[in-house]
Amino acid sequence: MSELISLSEWRTSTRRRGGVPARIEREHQASLRCTMLDVSRQGACVSAPAIALPNIFVLRVADGTRHICDVQWRKGYTVGVSFVYIDQLLARTATASAKLKRSCARALGNRGWIAEEIA
């Protein structure tokens with residue numbers, strides 16, 4: 001039987017607690033007020049309004065810093081996010097784009113002219 005490991009043992013960096021005010025920036029929409037409940041070098045726990053948040057968003061902290069955030073979990077009004085660096089985000093986007101192109105090409109089958117337009 002496997003041994004249970006506490007969550008604190010999974011974390012690779014120390015988290016700082018505090019109710020730091022922040023804003024969630026949304027494309028073509030007003031930003032949302034939120035609170036960073038805790039933060040580490042790799043991510044944060046954010047309390048946000050009961051509005052559907054995208055899986056990736058920009059978090060602007062009161063000191064003016066911005067972080068690209070990738071939602072890892074959701075529970076009620078709280079979300080856990082990891083901070084994404086731009087090179088990681090671009091690599092993920094390129095991989096997803098390539099998978100989508102392959103899926104479309106397979107779905108289109110013999111209609112190669114459409115697959116060429118997608119590529």
Side-chain angles (χ1 to χ4, degrees):
M1 191 170 227
S2 66
E3 210 176 300
L4 293 177
I5 299 173
S6 72
L7 285 178
S8 61
E9 294 178 43
W10 288 77
R11 295 189 175 134
T12 57
S13 63
T14 306
R15 291 185 168 269
R16 293 186 312 249
R17 298 229 178 254
V20 179
R23 295 190 80 77
I24 295 170
E25 295 181 348
R26 302 179 302 163
E27 194 172 2
H28 306 297
Q29 295 180 20
S31 63
L32 300 172
R33 289 184 190 159
C34 64
T35 303
M36 284 192 337
L37 302 175
D38 66 35
V39 64
S40 73
R41 293 174 73 110
Q42 288 125 353
C45 179
V46 178
S47 176
I51 294 176
L53 295 176
N55 289 329
I56 295 178
F57 59 85
V58 175
L59 182 69
R60 183 170 32 105
V61 187
D63 67 3
T65 58
R66 286 186 163 98
H67 301 280
I68 299 171
C69 296
D70 186 8
V71 174
Q72 300 299 309
W73 56 265
R74 299 168 189 262
K75 184 175 183 183
Y77 298 119
T78 308
V79 294
V81 299
S82 62
F83 298 144
V84 180
Y85 298 99
I86 194 67
D87 55 339
Q88 293 171 327
L89 188 60
L90 290 173
R92 286 177 44 194
T93 303
T95 301
S97 210
K99 286 180 183 178
L100 178 61
K101 286 179 183 179
R102 285 193 300 271
S103 294
C104 288
R106 278 194 302 269
L108 295 171
N110 293 331
R111 295 185 284 172
W113 59 275
I114 296 176
E116 288 172 9
E117 289 179 9
I118 293 171

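What you see is a predicted model; the values in this text were computed from it and never measured. The first residue of the sequence shown is numbered 1, and numbering continues consecutively from there.
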Validation row: [X], [Y] side chains within 4.5 angstrom (heavy atoms):
| X | Y | value |
| --- | --- | --- |
| Ile24 | Leu53 | yes |
| Tyr77 | Pro49 | no |
| Thr78 | Leu37 | yes |

When clusters are formed by joining ILVMFWY residues with side-chain heavy atoms under 4.5 Å apart, either directly or through shared neighbours, do Val58 and Ile56 land in the same one?
no
Are Trp73 and Cys45 close enough, and set up right, to give a side chain to side chain contact (heavy atoms under 4.5 Å, CB included), and what steps lead you there?
CA-CA 9 Å; Trp73 56 265; Cys45 179; 3.9 Å; yes
Under the side chain to side chain contact (heavy atoms under 4.5 Å, CB included) criterion, do Met36 and Leu59 qualify, and how do the steps go?
CA-CA 10 Å; Met36 284 192 337; Leu59 182 69; 3.5 Å; yes
Considering non-hydrogen atoms only, spot the tightest contact between [X] and [Y] and give its length.
| X | Y | answer |
| --- | --- | --- |
| Arg41 | Phe83 | O-CD1, 3.6 Å |
| Val61 | Ala22 | CA-CB, 4.1 Å |
| Cys34 | Ala48 | CB-CA, 4.2 Å |

CG (Asp70) and CZ (Phe57) are apart, to the nearest 0.5 Å, by 9.0 Å
Counting only heavy atoms from other residues, nucleotides and ligands, does the tally under 6.0 Å from CZ of Arg33 exceed 12?
no
With sequence neighbours left out, which residue pairs that include part of residues 50-64 fulfil the salt bridge (charged side-chain N to carboxylate O under 4.0 Å, His left out) condition?
Glu25-Arg60
